[in-house]
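Sequence lines set the chain letters: A, B, ... in the order given, protein chains first and strands last, and positions in each chain run from 1.
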There are 2 protein chains.
Amino acid sequence: MGNVRVIKIKESVFADNDFLAQEIRTKLKEQGTLFLNVMSGPGSGKTTFLSNLINQLKDCMRIGEMDVDIETSLDAQKVSDLTGVKSLQIHNDGLCHIDADMVSRALLEYETENLDLLILENIGNLVCPAEFDTGAHKNIMLLSVPEGDDKPLKYPLMFQMCDLVLINKMDTISYFDFDYDLVKSRILKLNSEAKILPISAKTGEGMEKVIDWIFQCKKELAK
Amino acid sequence: MGNVRVIKIKESVFADNDFLAQEIRTKLKEQGTLFLNVMSGPGSGKTTFLSNLINQLKDCMRIGEMDVDIETSLDAQKVSDLTGVKSLQIHNDGLCHIDADMVSRALLEYETENLDLLILENIGNLVCPAEFDTGAHKNIMLLSVPEGDDKPLKYPLMFQMCDLVLINKMDTISYFDFDYDLVKSRILKLNSEAKILPISAKTGEGMEKVIDWIFQCKKELAK
């Protein structure tokens with residue numbers, strides 16, 4: 001019985017969330033701000049990736065970054081230090097995901113009207129963040145080589161709902177049992193529309209293709 | 001208002017869970033079964049670690065293994081194939097943690113009376129599993145070198161509630177910016193009682209100390 005009650009609340013939470021997420025998406029599209037939600041497990045390299053990306057884009061785009069962490073402001077500080085871009089830390093009181101309501105409240109505190117690009121660095125977790133629409137126009141996930149090529153089999157929802165899957169830490173592939181072609185076929189089986197790119201956020205390998213993809217998304221948004 | 005309602009349910013869920021967890025712990029202690037809960041982020045090497053551990057212990061202990069995954073039976077199958085020990089897969093319908101009720105239901109299906117050691121391989125997640133007492137006598141977590149030495153700062157609850165923290169994939173430390181002494185001091189600051197051991201589940205480095213620790217726990221349980 002307890003389970004039924006919890007599930008009903010969960011359904012209603014999801015419905016409210018989807019409505020609010022759509023509102024965020026529409027508002028940001030109207031003002032020309034591309035909103036990207038970046039997800040991964042812990043330690044996959046999100047912060048290094050975003051620092052690298054923002055540094056390459058900041059001269060041609062006005063960028064805002066929202067960082068989510070359970071307890072610290074470490075990532076927000078790091079991104080801000082490395083890029084000079086203004087970064088806003090969202091503390092989510094120990095929750096395991098970010099939903100549209102949290103994004104919406106952060107947007108109230110944050111001037112986004114003049115931004116070309118707004119990036120949300122989600123919580124390091126392959127389960128819960130995949131369940132909540134944040135209002136982003138596109139979802140990106142990072143899977144790092146040391147995590148293993150079986151992850152699409154074990155966390156399918158995350159791979160199903162992402163537009164871009166980045167295989168990160170490619171510079172370490174010779175030290176791990178990781179089959180790039182196998183992981184690619186496993187992802188495409190779950191999500192035939194997914195764009196998959198091998199990168200190393202640390203060395204910069206493959207980042208130019210990520211930047212091309214972002215410019216393509218900007219064009220689509222303007223349609 | 002929505003938040004308040006959810007939080008109240010959460011408190012009641014936690015209270016029920018703690019009561020049931022204590023019952024599991026007492027029952028398993030009485031029958032002489034040491035129950036270990038093993039947690040980590042995705043891809044930290046739990047399955048490789050457990051296969052290695054069980055292979056070293058199976059000739060001197062009767063071991064059962066419970067494996068939790070959202071969608072697949074991959075890990076249960078892998079542990080079973082590699083060790084020959086009977087492994088039970090718990091599918092948790094997309095939830096992000098395992099609680100005492102799920103363990104309790106699994107125990108009903110599973111004969112544990114003759115076991116010396118029962119191991120739960122939790123879901124790959126550094127957030128949610130730390131919040132739910134599973135009824136285990138001891139909690140173990142793996143942090144792998146590629147995940148980075150900042151993880152205790154970012155997921156403090158997980159480090160606070162573990163008795164043994166294993167720093168895994170030590171064979172790859174020269175390829176990553178990972179400061180072992182720093183991570184150790186960060187963990188001890190959160191949890192001065194934690195035992196911290198460097199290992200490589202893949203090469204077997206450091207596994208003998210994990211086995212010593214398990215024998216020590218068996219002795220404590222028999223007191």
Peer 1: Which value, rounded to the nearest 0.5 Å, describes the distance between Tyr175(B) atom OH and Ser174(A) atom OG?
Peer 2: 7.0 Å

Peer 1: Taking Pro146(A)'s backbone N and O only, do any of them form a donor-acceptor pair with Lys169(B)'s side chain (distance below 3.5 Å, no angle check)?
Peer 2: yes

Peer 1: Distance from Asp177(B) atom CG to Thr48(A) atom OG1, nearest 0.5 Å?
Peer 2: 8.5 Å

Peer 1: Calculate, to the nearest 0.5 Å, the distance between atoms NE2 and SG belonging to His97(A) and Cys96(B) respectively.
Peer 2: 9.5 Å

Peer 1: For Asp163(B), check side-chain contact (heavy atoms from CB on, under 4.5 Å) against everything at least two apart and list the hits.
Peer 2: Lys138(B), Asn139(B), Trp213(B)

Peer 1: Enter the distance from Ser44(B):OG to Glu147(A):CD here, rounded to the nearest 0.5 Å.
Peer 2: 8.0 Å

Peer 1: Report yes if some heavy atom in the side chain of Phe176(B) is under 4.5 Å from a heavy atom in the side chain of Thr172(A); otherwise report no.
Peer 2: yes

Peer 1: Provide the closest heavy-atom pair for Cys128(A) versus Asn125(B) in the form atom of the first, atom of the second, distance.
Peer 2: SG-ND2, 4.3 Å

Peer 1: Between NZ of Lys154(B) and CD1 of Ile123(A), what distance do you get to the nearest 0.5 Å?
Peer 2: 10.5 Å

Peer 1: Do Pro42(B) and Lys151(A) have side chains that get closer than 4.5 Å, going by heavy atoms?
Peer 2: yes

Peer 1: Using a 4.5 Å heavy-atom cutoff, which residues in residues 180-211 of chain A come close to chain B?
Peer 2: Lys202(A)

